[in-house]
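By convention here, the first residue in the shown sequence is residue 1.
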Amino acid sequence: MSAPPNVAAKPAGAPKDRPSAECSRPGQRAFILALDVGTTCVRSFVLDEECVVRGSAVDAVELLNPQPGYFEIEPESLWRKIVSVITQAVKNAQLTPTDITCLTISTQRCTFLTWDHRTGEYYHNFITWKDLRADELVEQWNTSWTKSSMNWMSYALFLLTRQSRFLAGSVLKLMNGQVTPRLLFEIMHNKKLKQALMQKKARVELLDSWILHKLRTGSSRDKDVEHITDVTSSTATGLYDPFTLSWSPLISWLFGINSKILPRVVDNGYKGFGHVHPTAFGPEWANTQIPIAASLSDQTAAIWGSQCFQKNDVKVTMGTGAFLNLVTGDRCQAAISGMYPLVAWQFKKPTRQQGAVYCIEGASHDFGTVVTWAQSCELFDSPANTSDIAQSVPDTNDVFFMPAFSGLGPPVNDYRSASGFIGLSPSTTKAHMVRALLESIVFRLVQLIEAAEDETSQKLHMIRVDGGVSRNDFVCQFLADLSRLRVERAENAESSIMGATFMAGINHGIWRDVEDLKRFRQVERVFEPRPKEYETIASRMDKWSRTIARFSDWY
């Protein structure tokens with residue numbers, strides 16, 4: 001086991017040392033209940049003050065596909081799963097609800113619903129970030145004269161002012177993964193929602209704001225708790241301006257979306273998250289008053305779980321999609337390659353109201369999805385076997401795969417690209433195809449890494465990886481060889497859970513600052529780049545890059 005890496009005592013924007021008034025008394029145990037709601041599963045863990053997992057529970061998210069391109073989650077079914085994993089995790093830890101010190105949540109971003117929170121009437125299911133129902137609307141807007149004019153005007157303002165927010169505006173476009181187009185689609189086509197908006201009954205819930213509402217109201221009749229979302233969940237919606245740290249009035253004006261139906265955005269050190277209502281989880285919780293210590297997005301949780309606290313730290317989450325986040329410090333970095341400037345986290349301070357730390361993000365939405373698809377096609381029995389299968393052949397026998405079920409994101413930015421194999425021959429085996437598939441997802445990651453370096457004019461030295469696919473040794477070693485960067489994999493793969501726990505522990509006074517967190521990061525393995533391998537695999541990536549044109553603009 002490697003020693004924990006050196007981490008600076010405080011991340012930029014982290015809260016100052018605070019007294020531990022809220023913390024358990026010395027010698028008394030603290031138990032943090034962490035909830036993580038992802039795209040494929042709902043997980044709950046109970047960790048103690050030494051970050052030892054005392055209990056856990058997991059359940060699958062039932063992703064509905066009512067028609068091609070639609071991906072939804074039924075809200076009350078999801079809530080029952082949340083209640084189930086939380087109660088099971090506490091029982092698995094052999095604790096009672098009264099033993100829990102505080103609760104923390106991390107959630108997938110850009111998944112939303114609309115409802116009447118007072119009556120509980122939903123106008124539609126959760127529409128997930130993978131949903132493509134607004135694809136035609138996105139295409140119409142991105143090819144419109146209005147969008148083109150706005151981009152040119154923004155660029156002119158950038159030339160006059162040199163403000164990076166205008167440079168970002170010069171390449172602004174709609175993307176399916178944002179909330180904006182899917183919300184517009186529902187407003188245009190959902191009659192119940194249209195009527196509710198006219199009657200001022202409807203409001204928008206991001207996944208985190210809905211969970212906070214359910215946690216804080218339980219089965220009580222008082223439904224008027226504060227309507228809030230945390231800044232790291234709002235920042236990727238397309239409705240939020242990270243440069244001004246507010247819902248964008250320009251986006252509201254362009255698309256006619258009243259910002260009053262959106263939750264109020266709060267920082268990650270917000271003191272008003274409140275408590276879990278005693279009726280939220282059943283009669284066994286009746287005598288509890290558990291504080292909600294933190295709420296953050298899954299990608300911010302992974303950043304914290306990977307302890308990427310300093311400028312130019314980078315993590316790559318390899319899950320259903322792959323997300324690269326490069327911390328850019330206290331300056332919001334305009335990105336023009338298709339990467340996205342976001343608020344990484346924010347702790348407001350009395351002396352500096354903003355207190356925000358930023359990052360740029362690039363995503364390859366078809367990562368774990370590609371592996372799942374290949375398994376369904378019986379290319380292998382289990383994802384755990386793919387590393388050995390890929391290494392059973394020296395190369396792909398000139399077979400290449402394009403991982404573009406959702407198109408190709410930055411820096412290619414072709415959302416009409418197709419997926420497929422190319423170069424198949426009678427001598428092609430399943431092993432060649434599996435290796436080509438794994439190599440392709442690394443090729444996409446290296447594209448993101450190179451784009452991030454170009455955007456920030458920085459040379460990276462190390463990548464910290466997390467997520468299910470990061471347990472694949474072939475993928476990690478191939479990434480190190482091709483990127484020529486060290487790839488560090490933590491012993492604990494649950495980075496989102498760990499990050500949510502870290503932030504809650506600091507907010508609640510269990511730990512003083514991130515210096516206290518250093519001992520909790522144990523590195524399982526570091527994959528060192530092998531210079532002798534680089535030329536061979538770089539030439540394969542060059543050939544793969546040439547095949548992009550063969551699959552481009554297909555749909």
Side-chain angles (χ1 to χ4, degrees), residues 13 106-114 126-129 134 138 141 147 150 154 163-187 203-212 226-270 295-301 303 323 325 327-328 330-335 338-348 353-363:
S106 75
T107 58
Q108 58 178 286
R109 301 171 313 187
C110 295
T111 291
F112 75 98
L113 58 74
T114 58
F126 273 112
I127 301 172
T128 76
W129 61 273
V138 169
W141 166 256
K147 184 259 185 187
M150 187 187 70
S154 295
Q163 291 185 26
S164 56
R165 63 179 296 207
F166 294 123
L167 179 60
S170 71
V171 294
L172 187 68
K173 62 182 179 182
L174 282 184
M175 294 184 288
N176 278 305
Q178 297 169 334
V179 169
T180 313
R182 289 172 286 129
L183 177 57
L184 281 173
F185 183 92
E186 284 302 307
I187 291 173
R203 75 183 194 188
V204 174
E205 298 286 9
L206 303 180
L207 184 55
D208 74 308
S209 67
W210 178 78
I211 292 174
L212 286 171
E226 192 177 20
H227 186 206
I228 54 174
T229 180
D230 94 276
V231 66
T232 68
S233 293
S234 64
T235 187
T237 59
L239 296 163
Y240 189 82
D241 185 347
F243 293 92
T244 62
L245 293 170
S246 63
W247 295 119
S248 170
L250 175 62
I251 298 299
S252 295
W253 175 76
L254 279 173
F255 299 113
I257 297 173
N258 187 347
S259 61
K260 291 182 179 179
I261 67 174
L262 302 170
R264 186 170 75 87
V265 180
V266 301
D267 70 288
N268 295 113
Y270 185 57
S295 174
L296 61 163
S297 75
D298 53 0
Q299 296 312 312
T300 289
I303 292 172
F323 295 87
N325 294 85
V327 179
T328 57
D330 60 3
R331 175 175 171 268
C332 191
Q333 173 88 39
M339 301 191 83
Y340 210 76
L342 300 172
V343 179
W345 67 84
Q346 182 187 29
F347 292 103
K348 289 184 179 178
Q353 184 68 7
Q354 179 172 309
V357 175
Y358 297 90
C359 67
I360 58 171
E361 178 176 286

Practice problem: Verify, without hydrogens or angle tests, whether Ser234 (side chain) and Val231 (backbone) share a donor-acceptor contact under 3.5 angstrom. | Solution: yes
Quiz item: Which heavy atom in Ile303 sits nearest to a heavy atom in Ala344, and how many Å separate them?
Solution: CD1-CB, 4.4 Å
Practice problem: Just jot down the ring pair (Phe, Tyr, Trp, His ring centres under 6.0 Å) partners of Tyr358, sequence neighbours excluded, or say none. | Solution: none
Quiz prompt | Any residue meeting side-chain hydrogen bond (donor to acceptor under 3.5 Å, both in side chains) with Thr229, in chain and number order, not counting sequence neighbours | solution = Asp208
Quiz item: Are any of the side-chain heavy atoms of Thr114 and Leu183 separated by less than 4.5 Å?
Solution: yes
Quiz item: Which residues pass the side chain to side chain contact (heavy atoms under 4.5 Å, CB included) test with Tyr270, sequence neighbours left out?
Solution: Glu226, Ile228, Arg264, Val266, Asp267, Phe273
Self-check item: Residue pairs involving residues 238-252 (criterion salt bridge (charged side-chain N to carboxylate O under 4.0 Å, His left out); sequence neighbours excluded)
Solution: Arg165-Asp241
Quiz prompt | Partner set under side-chain hydrogen bond (donor to acceptor under 3.5 Å, both in side chains) for Thr235, not counting sequence neighbours | solution = none
Quiz item: Can you name the salt bridge (Lys or Arg N to Asp or Glu O under 4.0 Å) partners of Arg182, sequence neighbours left out?
Solution: none
Quiz item: Is there a donor in the side chain of Gln346 and an acceptor in the side chain of Asn268, or the other way round, less than 3.5 Å apart?
Solution: no
Self-check item: Non-neighbouring partners of Ser295 that pass side-chain hydrogen bond (donor to acceptor under 3.5 Å, both in side chains), sequence neighbours left out
Solution: none
Quiz item: Got a sec, which residues hit side-chain hydrogen bond (donor to acceptor under 3.5 Å, both in side chains) with Glu186, two or more places apart in sequence or on another chain?
Solution: Arg133, Asn190
Quiz item: Does anything in residues 227-246 pair up under ring-ring contact (aromatic ring centres under 6.0 Å, His included), and if so which pairs, sequence neighbours excluded?
Solution: Tyr240-Trp247
Practice problem: State, with a plain yes or no, whether a side-chain heavy atom of Phe323 is found less than 4.5 Å away from one of Arg109. | Solution: yes
Exercise. State, with a plain yes or no, whether a side-chain heavy atom of Ile127 is found less than 4.5 Å away from one of Leu113.
Key: no
Quiz prompt | Nearest heavy-atom neighbours spanning Asn176 and Ala134 | solution = OD1-C, 3.6 Å
Quiz item: With distance as the sole test, does Ser106 use its side chain to make a donor-acceptor pair with the main-chain N or O of Ser297 at under 3.5 Å?
Solution: no
Quiz prompt | For Gln333 against Thr328, the heavy-atom pair lying closest together | solution = CB-CG2, 4.0 Å
What pairs of donor and acceptor atoms, side-chain ones from residues 250-262 against any protein atom, are under 3.5 angstrom apart with sequence neighbours left out?
from: Ser252; atom 1: OG; to: Ser248; atom 2: O; distance (Å): 3.2
from: Ser252; atom 1: OG; to: Ile257; atom 2: O; distance (Å): 3.3
from: Asn258; atom 1: OD1; to: Lys260; atom 2: N; distance (Å): 2.9

Quiz item: Within a strict 4.5 Å, meaning less than it, do heavy atoms of the Leu342 and Ile360 side chains meet?
Solution: no
Quiz item: Mind checking whether Trp210 and Phe112 have ring centres under 6.0 Å apart?
Solution: no
